[in-house]
Amino acid sequence: MLTGSEMAVVDENAAALGVPRRQLMESSGNAVARAVREHVDPGSSVTVVAGRGNNGGDALVAARFLDDYDLRICLLGRPETITTDISRANWDALQSADYPTEQVRDSAGFELGDPDLAVDAMLGTGISGALREPAATAAAAMNDAEATVLSVDVPSGLNCETGALVDNAVEADHVVTFHDTKPGLDELAASVTVADIGIPEAAQRFVERGDLQRLSRDPASHKGDNGEVLVVGGGPYTGAPALAGQAALRAGADLVRVAAPDAVAREIQGYSENLIVRAYDGDRLAPTHVDWLADLAADHDTLVLGPGLGGAETTVDAVGALLERFAGTAVVDADALQVVPEVETDAELVCTPHQGELVKMGGETSDDWRERADLVEAFAADVGHTLLVKGAYDIVSDGERTRVSRTGNAGMTVGGTGDVLAGVTGALSCVLEPHHAAAVGAYANGAAGDTVVEEYGSGLVATDLPEAIPSVLWG
C-alpha cells in the first residue's frame with residue numbers, strides 16, 4: 001500500500017529511471033479503458049468527467065481507446081488551466097481528433113445526463129478536504145444517478161494520506177488504481193482493481209530524485225522551525241565535527257551547535273563562524289560530561305554523535321551513557337558505533353557505518369550489493385535501529401524497508417566524506433523520519449560528490465561537499 005505522497009515519489013523515481021510520466025499516463029489510460037470494457041458493453045453510453053490534473057489526464061487517454069462507445073468527455077474547467085503539460089497534450093489530442101468534448105466552467109453548467117457508466121477522474125491522490133465546485137456538483141450527480149461509477153486511481157474525495165473519505169465524496173462502484181493499492185480503498189463498498197502500469201521495481205528500491213519531494217520548506221517558517229542539530233565530536237580530531245556541523249547547516253538545519261572539549265573548541269570554531277561551539281573541560285569526551293551533554297541534547301531535534309571523538313575506553317563509555325539518557329533521534333557515526341548493539345536506549349538511532357565498521361558491530365557484508373542489502377536488513381532488524389551502510393552502493397534499512405542509493409564516485413573514499421554524510425543526515429532527521437532521512441542523506445551526499453567531480457574533476461576533498469549540498473537538495 002502506498003500513500004499519495006509515496007506514489008508521487010515512485011512516479012518521479014520511475015521518470016529518473018527512464019520511464020516518464022507521459023508513458024505511465026498512457027498505460028494508466030489503457031487500464032481505465034479496459035476497466036470500462038469490463039463493466040459495460042461496446043455501444044453503451046460513457047461520460048468521462050475529468051479534472052485538470054494528471055488524474056483527469058489518465059481519463060483523457062482512456063477516451064482514445066473507447067471509440068466503440070457512445071462517448072462524452074466533460075472537462076471541469078477551462079483547457080488553459082489544465083495543470084500539467086502531459087494532461088494538456090492529451091486534451092489537445094482529443095481536440096485534434098474531433099472527440100466529443102465539453103468544458104464545464106461552473107457548477108451550474110454541469111449536466112451528467114443518463115449514461116450507462118460515468119468515469120470519475122476529477123481528483124486524484126493529492127487532494128484533501130471536502131470537494132469544492134464544480135467537482136462537488138459533479139460528485140452529487142454521479143451519486144444520485146443510476147449509472148455505474150468507475151473512479152480513476154481513487155474516488156474523488158478520498159484522502160490518500162489518511163484513508164479518510166469526505167462527506168461529499170464520489171460513491172464509486174468500481175475503482176481502477178495504479179501500481180499499488182492506496183489507504184482507504186479496502187474500506188470502500190466498491191471493487192478495486194490494481195493495474196500494473198509499468199513502474200519498475202527499482203523505482204521503489206533505489207533512492208532517486210523523486211525522494212527529494214519529501215522535503216519542503218515553509219516560506220513563513222521561523223528560526224528553529226527547520227531543525228536544530230547538536231554535534232558531539234572532536235577531541236583527537238577537529239575537522240570531523242566541523243565538517244559534520246557545516247554539512248548540517250547546508251542541508252537545511254537552522255541552528256547547529258558543536259559540543260567539544262575545550263582543548264579543541266577554538267580550532268573547531270575557526271572552521272566557520274556559522275557554528276555555535278559549546279566547550280566542555282578536558283581533551284576528550286568522558287563520563288563526567290554526560291549529564292551536561294544529555295541536558296543540552298534534549299533541547300535539539302537531532303543529535304549527531306561520533307565525528308572525531310576517537311575510541312578511548314572512557315569516551316566509548318560516555319557514548320553509551322549518553323545514548324542511555326537520550327530519547328530523541330541520533331545519528332551515530334565512527335567510533336561511537338561500537339556501543340550500538342548493546343546499548344539500551346529509547347532514542348531512534350541512524351547508524352552510518354562503512355562495511356568494516358558494520359562487521360565490528362556484529363553485522364555481515366558481501367561484495368554483491370543485493371546480498372549485502374539482505375544482510376543489512378537482517379542486522380537492522382536485530383539491533384532495532386536504522387542502518388546506513390556506506391559503499392559504492394549505500395544500503396539503508398530499518399529492518400523492514402530497505403533502499404539503495406547509487407550516487408557518489410570513487411573520489412569519495414577520502415577522509416571526511418562520512419562526517420559530511422552524518423551531518424546531512426542529522427539535518428534531514430529534524431524534518432523526516434529516520435529511514436527517509438538516511439535514504440535522502442545518502443543520495444544527497446553522493447550527488448554532491450558527483451557535482452564536485454563534474455565541476456572540478458578528480459581530487460575531491462571533503463570540504464568541497466557541503467557547498468554542493470544545497471543545489472542537490474533544493475535545486
Side-chain angles (χ1 to χ4, degrees), residues 1-14 21 24-40 46-62 76 87 117-132 135-136 138-145 147-201 203-204 210 213-214 400-401 433:
M1 180 180 294
L2 291 175
T3 64
S5 57
E6 287 296 310
M7 194 66 226
V9 169
V10 171
D11 280 346
E12 184 61 25
N13 282 350
R21 186 66 181 86
L24 297 179
M25 183 174 285
E26 196 72 13
S27 297
S28 299
N30 264 290
V32 173
R34 289 196 302 272
V36 170
R37 294 180 181 280
E38 290 175 4
H39 299 300
V40 289
V46 174
T47 296
V48 173
V49 185
R52 295 176 294 113
N54 283 339
N55 188 253
D58 294 335
L60 298 179
V61 170
L76 299 187
S87 293
L117 183 143
V119 176
D120 159 36
M122 297 187 294
L123 299 168
T125 57
I127 69 100
S128 61
L131 300 185
R132 296 178 291 180
M142 285 186 243
N143 293 343
D144 291 340
T148 298
V149 177
L150 171 68
S151 287
V152 176
D153 210 3
V154 297
S156 296
L158 179 68
N159 185 318
C160 281
E161 299 303 311
T162 66
L165 198 66
V166 299
D167 291 340
N168 63 343
V170 170
E171 298 169 4
D173 298 298
H174 308 284
V175 178
V176 55
T177 195
F178 309 125
H179 183 65
D180 202 347
T181 190
K182 312 300 186 305
L185 288 183
D186 58 353
E187 299 176 14
L188 299 177
S191 67
V192 177
T193 299
V194 179
D196 183 350
I197 58 172
I199 293 175
E201 187 273 339
Q204 289 177 254
Q213 295 185 63
R214 305 185 192 283
E400 296 181 357
R401 299 168 295 173
E433 63 164 277

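Just so it is clear, the model here is predicted, and its values are computed rather than measured.
- Side-chain contact between Thr47 and Val119: absent, with no pair of heavy atoms (C-beta onward) separated by less than 4.5 Å.
- Remark: Ser87 engages Asn54, Thr84 in a side-chain hydrogen bond (donor to acceptor under 3.5 Å, both in side chains) (not counting sequence neighbours).
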* **Working for side chain to side chain contact (heavy atoms under 4.5 Å, CB included), residues Cys160 and Thr3** => CA-CA 5 Å; Cys160 281; Thr3 64; 5.7 Å; no

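- Of all the heavy atoms in Ala31 and Ala195, the pair that sits closest is CB-CB, 3.6 Å.
- Shown here for Leu123 and Ala135, the closest heavy-atom pair between the two residues is CD1-CB, 4.5 Å.
- The list of salt bridge (charged side-chain N to carboxylate O under 4.0 Å, His left out) pairs with a residue in residues 117-130, not counting sequence neighbours, is empty.
- For Arg21, the salt bridge (charged side-chain N to carboxylate O under 4.0 Å, His left out) test picks out Asp11, Asp58, with sequence neighbours left out.
- The distance from atom NE2 of His179 to atom CD1 of Ile197, rounded to the nearest 0.5 Å, is 8.0 Å.
- Ala130 and Val166 get closest at one heavy-atom pair: N-CG1, 3.8 Å.
- For the residue pair Gln213/Ser5, the side-chain donor-acceptor check at 3.5 Å is not satisfied.
- With a 4.5 Å cut-off on side-chain heavy atoms, Ser27 and Asp196 do not count as touching.
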* To do: For the pair Asn13 and Gln204, evaluate side chain to side chain contact (heavy atoms under 4.5 Å, CB included) and give the outcome as yes or no after the intermediate values.
  => CA-CA 8 Å; Asn13 282 350; Gln204 289 177 254; over 6 Å; no

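- Considering only heavy atoms from C-beta on, Met122 comes within 4.5 Å of Leu76 through its side chain.
- Under the side chain to side chain contact (heavy atoms under 4.5 Å, CB included) criterion, Glu38 pairs with no residue, sequence neighbours left out.
- Rounding to the nearest 0.5 angstrom, the gap separating the CD1 atom in Ile199 from the OG atom in Ser28 is 7.5 Å.
- The minimum heavy-atom distance linking Asn168 with Ala136 is given by the pair ND2-CB, 3.8 Å.
- In this structure, Ala50 and Leu60 approach most closely via the heavy-atom pair CB-CD2, 4.1 Å.
- Applying the side chain to side chain contact (heavy atoms under 4.5 Å, CB included) criterion to Asn143, with sequence neighbours excluded, gives Val170, Glu171.
- Of all non-hydrogen atoms in Ala118 and Ala147, the two that sit nearest each other are N-CB, 4.3 Å.
- For the atom pair CG (Leu158) and CG (Leu165), the distance works out to 5.5 Å, reported to the nearest 0.5 Å.
- Considering only residues two or more places apart in sequence or on other chains, Arg401 meets the side chain to side chain contact (heavy atoms under 4.5 Å, CB included) condition with Asp398, Glu433, His435, His436.
- Residue pairs meeting the side chain to side chain donor-acceptor pair (under 3.5 Å) criterion with at least one partner in residues 182-194, sequence neighbours excluded, are Asp153-Lys182, His174-Ser191, Thr177-Lys182.
- Under the side chain to side chain contact (heavy atoms under 4.5 Å, CB included) criterion, Ala164 pairs with Thr162, not counting sequence neighbours.
- Taking CZ from Phe178 and CG from Asn55, the interatomic distance works out to 7.5 Å, rounded to the nearest 0.5 Å.
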* Begin with the C-alpha distance, continue with both residues' side-chain angles, and end with the deciding distance and a verdict on side chain to side chain contact (heavy atoms under 4.5 Å, CB included) for Glu161 and Glu6. => CA-CA 9 Å; Glu161 299 303 311; Glu6 287 296 310; over 6 Å; no

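- Remark: of the listed residues Leu117, Leu150, Val149, Leu188, Val149 is the sole one forming a side chain to side chain contact (heavy atoms under 4.5 Å, CB included) with Asp173.
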